[in-house]
A.B. asks: 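One structure coming up, written as structure tokens, with questions to follow.
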There are 2 protein chains.
Amino acid sequence: MTTDPLSSIFSALADPTRRDIVARLAVADATVNELAQPYEVTVQAVSKHLRVLENAGLVSRSREAQRRPVHLEAEVFDLMTKWIERYRRQAEERYRRLDDVLRAMPDDVEPRPPRPRQTGAGR
Amino acid sequence: MTTDPLSSIFSALADPTRRDIVARLAVADATVNELAQPYEVTVQAVSKHLRVLENAGLVSRSREAQRRPVHLEAEVFDLMTKWIERYRRQAEERYRRLDDVLRAMPDDVEPRPPRPRQTGAGR
DNA sequence: GCCGTATTCAACCTTATGGTTGAAAAAGGC
DNA sequence: GCCTTTTTCAACCATAAGGTTGAATACGGC
């Protein structure tokens with residue numbers, strides 16, 4: 001499957017169990033069994049989660065006897081951070097400029113209502 | 001459906017079309033029709049994508065005649081960035097300390113192999 | 001060589017997701 | 001009042017995702 005890197009990373013982190021796994025791996029490497037311990041699900045399910053994380057490049061596994069310690073690869077976070085920050089900055093820059101325009105606007109010109117909002121969240 | 005905020009945000013950004021929409025909205029607000037233009041898919045599909053983004057709090061829609069301009073809500077990015085940076089920093093901190101330990105380790109002590117790696121990425 | 005432990009593979013089930021088409025709703029233009 | 005434009009709703013379809021159980025594989029301990 002040819003999924004682009006960012007998609008796999010975001011998708012991997014969209015699951016709360018996998019985010020929790022990442023959080024725990026940030027503290028220390030751990031084996032599949034150890035990781036599976038606190039969750040309700042089977043070890044197999046956690047193994048699947050780890051494969052998703054591995055395919056996204058977020059973790060790697062080594063071999064140590066029968067155990068296969070899982071290790072967090074924090075560098076991949078950069079890809080995400082860069083993407084996010086890029087558009088966040090771009091958007092913020094745009095609002096700043098909009099504010100400038102509004103501030104410089106002469107009084108007789110009717111500005112478009114400054115983004116009226118209305119989320120429609122409550123359905 | 002009671003999906004937690006971070007899950008909806010990451011999940012929303014896991015789709016390349018939706019990321020592209022976000023990228024374009026960072027430049028300027030746009031209507032559903034305008035947004036749908038460059039893609040192969042139907043307007044309805046884009047409308048669905050926008051609902052996903054809206055449920056994640058990433059965009060909001062106002063009303064302006066029949067048009068419903070879509071607006072990027074960049075603040076939500078913070079939630080992600082905070083999550084990411086927290087664990088990235090934690091992980092990096094850990095490696096820094098590990099390096100210290102290894103450096104301070106007396107020669108007669110056999111250290112555990114310093115994370116042998118072996119991504120297994122190539123499947 | 002056999003046993004136990006750790007992990008993965010395979011087959012299967014259920015639900016979510018992204019897409020489609022076709023109809024309905026909302027609001028202005030005349 | 002009707003037509004047009006923009007957007008959403010509804011029903012449907014195919015496939016991916018997350019979970020299960022049960023069997024297979026990989027190693028180290030004796």
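In what follows, chains are A, B, ... by sequence order, proteins preceding strands, each numbered from 1.
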A.B. asks: Distance check needed: C:dT7 P versus A:E54 CD, whole Å only.
C.D. replies: 13 Å
A.B. asks: When you match B:P69 and A:S11 each to their closest nucleotide on DNA chain D, which lands nearer the 5' end?
C.D. replies: B:P69
A.B. asks: Parallel, tilted or perpendicular: which one describes the rings of B:F10 and A:F10, with boundaries at 30° and 60°?
C.D. replies: tilted
A.B. asks: Only Watson-Crick and G-U wobble pairs, only distances under 3.5 Å, only runs of 3 or more: what stems does that leave for DNA chain D?
C.D. replies: C:1-30 with D:1-30
A.B. asks: Can you measure A:N55 atom CG to D:dA16 atom P for me and round it to whole angstrom units?
C.D. replies: 15 Å
A.B. asks: On DNA chain D, check which nucleotide each of B:V43 and B:K48 is closest to and give me the residue with the more 5' one.
C.D. replies: B:V43
A.B. asks: State whether A:N33 places a side-chain N or O below 4.0 Å from either non-bridging phosphate oxygen (OP1 or OP2) of C:dT5.
C.D. replies: no
A.B. asks: Does C:dA6 have its OP1 or OP2 closer than 4.0 Å to a side-chain nitrogen or oxygen of A:T31?
C.D. replies: no
A.B. asks: With distance as the sole test, does A:R18 use its side chain to make a donor-acceptor pair with the main-chain N or O of A:A12 at under 3.5 Å?
C.D. replies: yes
A.B. asks: Between A:R61 (side chain only) and A:V70 (backbone N and O only), is there a donor and an acceptor less than 3.5 Å apart?
C.D. replies: no
A.B. asks: Strictly below 4.0 Å: does B:R51 bring a side-chain N or O up to OP1 or OP2 of D:dC9?
C.D. replies: yes
A.B. asks: Taking the side chain as every heavy atom from C-beta outward, state whether B:E85 and A:T81 have any atom pair closer than 4.5 Å.
C.D. replies: yes
A.B. asks: On the nucleotide D:dA17, are OP1 or OP2 found under 4.0 Å from the side-chain N or O atoms that A:H49 carries?
C.D. replies: no
A.B. asks: Using only atom types and a distance under 3.5 Å, with no angle test, would you say the side chain of B:R24 pairs donor to acceptor with the backbone of B:D29?
C.D. replies: no
A.B. asks: Without decimals, in angstroms, what is the distance between A:L50 CG and D:dG19 C1'?
C.D. replies: 15 Å
A.B. asks: What I want to check is whether the side chains of B:S7 and B:D4 have a donor and an acceptor closer together than 3.5 Å.
C.D. replies: yes
A.B. asks: Measure the distance from CG on B:D15 to P on C:dT17 and round it to the nearest whole Å.
C.D. replies: 11 Å
A.B. asks: Which of these nucleotides, C:dT20, C:dA6, D:dT7, is closest to any side-chain atom of B:R67?
C.D. replies: D:dT7
A.B. asks: Considering only heavy atoms from C-beta outward, does the side chain of B:W83 approach that of B:I9 to under 4.5 Å?
C.D. replies: no
A.B. asks: Sugar-phosphate means primed atoms, P, OP1 and OP2; the rest is base. With that split, encode nucleotides 21-30 of chain C 5' to 3' as B, S or - using protein heavy atoms under 4.0 Å.
C.D. replies: BB----B---
A.B. asks: Would you mind reporting whether B:V41 and B:T17 have side-chain heavy atoms less than 4.5 Å apart?
C.D. replies: no
A.B. asks: Can you tell if the side chain of B:V59 reaches within under 4.5 Å of the side chain of B:E54, non-hydrogen atoms only?
C.D. replies: yes
A.B. asks: Round to a whole Å and report the spacing from CG of A:L35 to C1' of C:dT7.
C.D. replies: 13 Å
A.B. asks: Looking only at the side chain of B:V32 (C-beta and beyond, no hydrogens), which of the listed nucleotides D:dG19, C:dT8, D:dT7 gets closest?
C.D. replies: D:dT7
A.B. asks: Measuring to OP1 and OP2 of D:dG18, would you say a side-chain N or O of A:R18 lies under 4.0 angstrom away?
C.D. replies: yes
